[in-house]
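Input: a single structure, listed below in structure tokens.
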Amino acid sequence: MPATRTIKLGLVDDHTLFRKGLISLIEMVSSDYTVLFEADNGSDLQQKLDYNNQPDIIIMDISMPGMDGFASVQWLNEKFPLVKILVVSMIEKEETIVRMLKLGVKGYLCKDVEPKELGEALNAIMNKGFYYTDFITGKLVHSLQNNQPGDTAKTEALKLMNDRERDFLQLACSEYTYNEIAAKMFLSPKTIDGYRNALFEKLNVKSRVGLALYAIKHDLVKL
């Protein structure tokens with residue numbers, strides 16, 4: 001039986017006691033994780049990151065003196081694009097969460113997180129590429145609904161799709177499974193897969209959640 005790969009983490013937070021507490025939580029979650037380094041802020045992170053031994057996930061705070069979480073994430077996106085970022089912060093303001101999600105972080109947790117949820121988040125980020133709770137997704141959808149683009153953006157988005165793809169998009173933004181959508185559209189599941197893959201490419205999204213968020217943002221569906 002092959003050995004389980006050790007997942008490498010980095011911690012970026014200016015509170016030493018919180019970092020130590022987080023390490024204790026991580027140790028409670030699984031022995032498969034190892035902490036490569038701790039950093040006080042983004043500047044310290046720059047000094048401690050090793051190109052030849054990169055972490056799989058960096059757990060990042062937002063409010064830090066000097067180089068804060070936003071600047072740190074932007075730097076990581078440019079210099080270490082393969083490193084996944086999980087934000088753990090006390091900040092629950094919608095604009096902060098949405099700004100971080102738009103920067104591409106893979107998850108967002110509050111600092112009072114329980115060990116079980118921390119473990120679920122780390123596992124999901126490694127296995128699925130992201131961990132978004134209903135709370136976080138709700139914040140993002142609410143923000144997008146309250147910041148609708150103008151008619152021009154909607155028109156341009158509609159031009160990318162044919163009529164059947166628009167029908168599929170409406171059904172994709174529901175609780176129906178892909179097989180159920182195929183039945184409702186009187187098409188084969190293979191054809192539905194074709195519509196899905198075509199829209200992923202045309203709209204530059206990678207998942208059904210991304211498809212739904214795009215549709216809401218551009219006012220393409222009626223919920």
Side-chain angles (χ1 to χ4, degrees), residues 56-58 60 69-70 73-74 76-78 80-87 89 92-109 117 120-182 184-185 187 189-223:
D56 298 294
I57 302 172
I58 287 180
M60 176 82 67
F70 295 115
V73 171
Q74 289 175 318
L76 283 167
N77 287 341
E78 181 180 345
F80 292 84
L82 297 181
V83 175
K84 301 174 177 67
I85 303 165
L86 169 64
V87 171
S89 171
E92 296 186 28
K93 290 164 55 177
E94 181 175 295
E95 57 266 34
T96 298
I97 294 171
V98 171
R99 183 179 172 190
M100 270 297 183
L101 292 175
K102 287 181 176 179
L103 284 174
V105 303
K106 304 306 181 184
Y108 195 112
L109 298 174
E117 186 174 14
E120 289 173 353
L122 292 172
N123 288 334
I125 290 171
M126 284 304 301
N127 295 322
K128 296 193 300 182
F130 64 90
Y131 179 78
Y132 298 142
T133 63
D134 290 342
F135 170 74
I136 298 303
T137 303
K139 291 283 190 184
L140 181 58
V141 171
H142 182 262
S143 173
L144 293 174
Q145 287 175 329
N146 288 326
N147 291 278
Q148 298 287 0
D151 290 340
T152 301
K154 178 179 179 180
T155 300
E156 291 302 315
L158 288 172
K159 284 180 180 177
L160 295 171
M161 296 176 280
N162 60 43
D163 290 341
R164 295 299 270 166
E165 287 171 345
R166 292 171 196 164
D167 292 340
F168 165 77
L169 180 61
Q170 178 70 51
L171 291 168
C173 297
S174 70
E175 295 184 356
Y176 294 125
T177 66
Y178 285 131
N179 283 339
E180 289 170 337
I181 292 173
K184 284 186 171 294
M185 294 184 69
L187 297 170
K190 186 175 181 180
T191 301
I192 291 301
D193 287 344
Y195 287 155
R196 178 196 62 203
N197 294 337
L199 288 183
F200 280 1
E201 184 173 347
K202 288 180 179 181
L203 305 181
N204 193 28
V205 298
K206 298 179 180 179
S207 68
R208 187 169 178 174
V209 171
L211 198 62
L213 291 175
Y214 184 99
I216 292 168
K217 180 178 179 180
H218 293 278
D219 195 24
L220 300 177
V221 298
K222 295 178 181 178
L223 299 178

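We number each residue from 1, following the sequence as shown. No experiment lies behind these values; they were computed from the predicted model shown.
The minimum heavy-atom distance linking L86 with A121 is given by the pair CD2-CB, 4.4 Å. E175 and E180 get closest at one heavy-atom pair: O-OE1, 4.3 Å. Across all non-hydrogen atoms, the minimal contact from Y176 to R208 is O-NH2, 2.6 Å. Contact record, C173 with A212: SG-CA, 3.7 Å, taken as the closest heavy-atom pair. The two residues E165 and A198 make their nearest non-hydrogen contact at OE2-CB, 3.6 Å.
Counting non-hydrogen atoms of other residues, nucleotides and ligands closer than 6.0 Å to CG of N204 gives a total of 12 or fewer. No more than 12 heavy atoms of other residues, nucleotides or ligands lie within 6.0 Å of CD in E201, so this atom counts as exposed by the packing criterion. At most 12 non-hydrogen atoms from other residues, nucleotides or ligands lie less than 6.0 angstrom from NZ of K206.
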Requested in this report: Run the numbers on Y108 and T96 for side chain to side chain contact (heavy atoms under 4.5 Å, CB included), then give the verdict.
Outcome: CA-CA 11 Å; Y108 195 112; T96 298; 3.8 Å; yes
Requested in this report: Take Y214 and L199, measure what side chain to side chain contact (heavy atoms under 4.5 Å, CB included) needs, and give me the verdict at the end.
Outcome: CA-CA 11 Å; Y214 184 99; L199 288 183; over 6 Å; no
Query raised in the report: Given the rule in the side chain to side chain contact (heavy atoms under 4.5 Å, CB included) test, do Y131 and E117 qualify, once you have shown the distances and angles that lead to the verdict?
Result: CA-CA 10 Å; Y131 179 78; E117 186 174 14; 3.3 Å; yes
Requested in this report: Decide side chain to side chain contact (heavy atoms under 4.5 Å, CB included) for Y132 and L101; before the verdict, give the C-alpha distance in whole Å, the side-chain angles of both, and the deciding distance to 0.1 Å.
Outcome: CA-CA 10 Å; Y132 298 142; L101 292 175; 3.5 Å; yes
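The aromatic rings of Y178 and F168 lie parallel to each other, with less than 30° between the two planes, well short of the 60° mark.
Residues satisfying the salt bridge (Lys or Arg N to Asp or Glu O under 4.0 Å) criterion with R99, sequence neighbours excluded, are absent altogether.
Taking the side chain as every heavy atom from C-beta outward, R164 and L187 approach each other to under 4.5 Å. In this structure the side chain of L76 reaches within 4.5 angstrom of the side chain of M60, judged on heavy atoms.
The CD1 atom of I57 sits 5.5 Å away from the CE atom of M126 when rounded to the nearest 0.5 Å. Atoms CG and CG, on L211 and L203 in that order, are 6.0 Å from each other to the nearest 0.5 Å.
Of the possible donor and acceptor atoms, one in the side chain of N77 sits under 3.5 Å from a partner among the backbone N and O of L103. The closest donor-acceptor contact from the side chain of R196 to the backbone of A172 lies at 3.5 Å or more, if one exists at all.
K190 and D193 are not joined by a salt bridge, as no carboxylate oxygen comes within less than 4.0 angstrom of a charged side-chain nitrogen.
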